[in-house]
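Quick caveat: nothing in here was measured; it's all calculated off a predicted structure. Labels below follow one simple rule: chain letters A, B, ... track the order of the sequence lines, proteins then strands, and each chain is numbered from 1.
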There are 2 protein chains.
Amino acid sequence: MNMLETDTRTRLIKTAARLFREKGFHGTGIAEILLKSETPKGSLYHHFPAGKADLAKAAASWASEGMLEIIDAAFEGASDFQDGATTLCYKLAKFFDTAQEWQSCPVSSALFDGPGNEEFRDFADQIYTDWTESIIRQASRLGLETDDAGKAAETLLLAIQGGWTMARAKRSSDVLRRIPSLLYG
Amino acid sequence: MNMLETDTRTRLIKTAARLFREKGFHGTGIAEILLKSETPKGSLYHHFPAGKADLAKAAASWASEGMLEIIDAAFEGASDFQDGATTLCYKLAKFFDTAQEWQSCPVSSALFDGPGNEEFRDFADQIYTDWTESIIRQASRLGLETDDAGKAAETLLLAIQGGWTMARAKRSSDVLRRIPSLLYG
DNA sequence: ACATCTCTAGACCAATCGGTCTAGACCGTT
DNA sequence: AACGGTCTAGACCGATTGGTCTAGAGATGT
């Protein structure tokens with residue numbers, strides 16, 4: 001197996017993920033992905049035979065992995081759930097700020113804006129479920145009862161999703177940083 | 001002034017708003033808007049000289065008016081803020097269910113997915129600010145202190161935004177109905 | 001009746017869309 | 001050296017995109 005295969009493949013995924021986040025699925029053209037990632041068209045359709053849709057799912061999966069890592073990192077050294085949740089919000093705010101373009105949720109941009117079929121919705125649903133379960137696991141680990149853990153995780157995730165949208169409109173991550181005080185203050 | 005002018009214009013706005021909600025700005029073609037609204041192309045560019053972008057702003061504005069009405073209606077007969085907030089969530093869940101296609105937030109679909117310029121972001125920001133202020137007004141009316149009203153309104157709006165996204169992924173309005181119990185339970 | 005206005009109607013256009021296809025570069029294996 | 005597989009490279013394609021333009025229908029004012 002050629003090492004370059006992986007390189008080209010991940011380069012495509014990362015570039016596509018970034019562009020989808022910034023301009024949405026339909027708002028991003030194949031040509032632009034190829035240009036920004038300096039990849040010829042043939043390579044794209046070699047690695048992703050189904051084309052743009054394939055690429056969108058790969059990009060969303062990749063972004064989801066990153067989110068799961070951020071969640072774990074945030075809760076790792078936390079003394080309690082609210083502590084971890086606060087760190088998570090701050091980490092996400094920081095991530096939001098690193099991008100020059102005000103970006104949307106990587107999952108919704110790649111999957112909702114994309115082809116409106118059931119498969120894509122299922123895919124998005126699965127990713128959000130993964131996130132929820134990951135947070136629930138952390139909540140349980142930090143001492144919350146099963147019911148409370150589920151509620152706390154869902155509330156946090158709702159606020160983060162909403163906060164991300166608001167942050168995009170306001171072009172400021174302040175909303176994300178305010179979440180802990182809104183929920184637990 | 002011709003009566004038909006208004007008819008064609010609003011027909012375009014409503015159709016565009018629906019399609020943008022379902023498939024996003026870039027995902028919706030002019031041709032489809034014209035087909036579904038049974039409007040010739042010339043009429044569109046007569047009423048909206050700047051074309052699709054103009055139409056998106058008009059559609060978002062129109063949808064925002066609707067949202068403001070729903071907010072007022074929900075809080076009108078409310079005994080306290082939480083009561084009104086609960087009614088609002090249920091009303092929105094009901095609205096979510098009426099559409100056959102699982103739709104996204106009318107504002108974000110028309111304005112975020114759209115052209116990535118500052119003007120559109122400002123427009124979206126203004127609409128969200130309008131919503132927030134409307135809820136704050138209701139909170140104050142129902143006895144909350146200024147600081148508490150602002151916090152309560154922002155929290156509610158974040159949860160609704162996030163809940164709407166989740167509802168779309170899960171193709172179920174249950175999340176929206178769970179919000180009151182998550183926030184106030 | 002005529003002129004003027006608003007609005008409808010759709011042919012038409014260049015540009016871009018996502019996707020296919022062929023050619024060959026570069027590899028390890030034999 | 002010759003082969004077979006992986007991957008790059010980009011010319012090329014029909015379809016669709018948003019938008020322009022001309023023609024005329026229809027109402028109104030004089």
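A perpendicular orientation is assigned to the rings of A:Tyr184 and A:Phe81, their planes being inclined by more than 60° (bins at 30° and 60°). Aromatic ring orientation, B:Phe96 versus B:Trp164: perpendicular (interplanar angle above 60°, classes split at 30° and 60°).
Mapping A:Glu32 and A:Pro49 onto DNA chain C by nearest heavy atom places A:Glu32 closer to the 5' end of the strand.
Using a 4.5 Å cut-off between side-chain heavy atoms of Ile, Leu, Val, Met, Phe, Trp and Tyr, with links allowed through other members, A:Phe95 and A:Tyr90 fall into different hydrophobic clusters.
One can place CG of B:Leu55 at 14 Å from C1' of D:dG19, the figure rounded to the nearest angstrom. One can place NZ of A:Lys52 at 19 Å from P of D:dA15, the figure rounded to the nearest angstrom. Straight-line distance from the CG atom of A:Leu19 to the C1' atom of C:dC17: 16 Å, rounded to whole Å. Rounding to whole angstrom units, CD1 of residue A:Ile30 and C1' of C:dT20 are separated by 13 Å.
Nearest to the side chain of B:His46, among C:dG18, C:dT6, D:dT6, sits C:dT6.
Distances shown here put every side-chain N or O of B:His26 at or beyond 4.0 Å from the OP1 or OP2 atom of C:dC17. One finds a side-chain N or O of A:Thr8 lying less than 4.0 angstrom from the OP1 or OP2 phosphate oxygen of D:dT8. Not one side-chain nitrogen or oxygen of A:His47 sits closer than 4.0 Å to the OP1 or OP2 atom of D:dT6.
With hydrogens and angles disregarded, a donor-acceptor distance shorter than 3.5 Å links the side chain of A:Thr86 to the backbone of A:Gln82.
Contacts of residues 33-45 of chain B with DNA chain D (heavy atom under 4.0 Å): B:Lys41, B:Tyr45.
The existence of a salt bridge linking A:Arg171 and B:Asp122 is confirmed by a sub-4.0 Å separation between a basic side-chain nitrogen and an acidic carboxylate oxygen.
For the side chain to side chain contact (heavy atoms under 4.5 Å, CB included) test with B:Cys105, the passing option among B:Arg168, B:Gln161, B:Arg21 is B:Gln161; the others fail.
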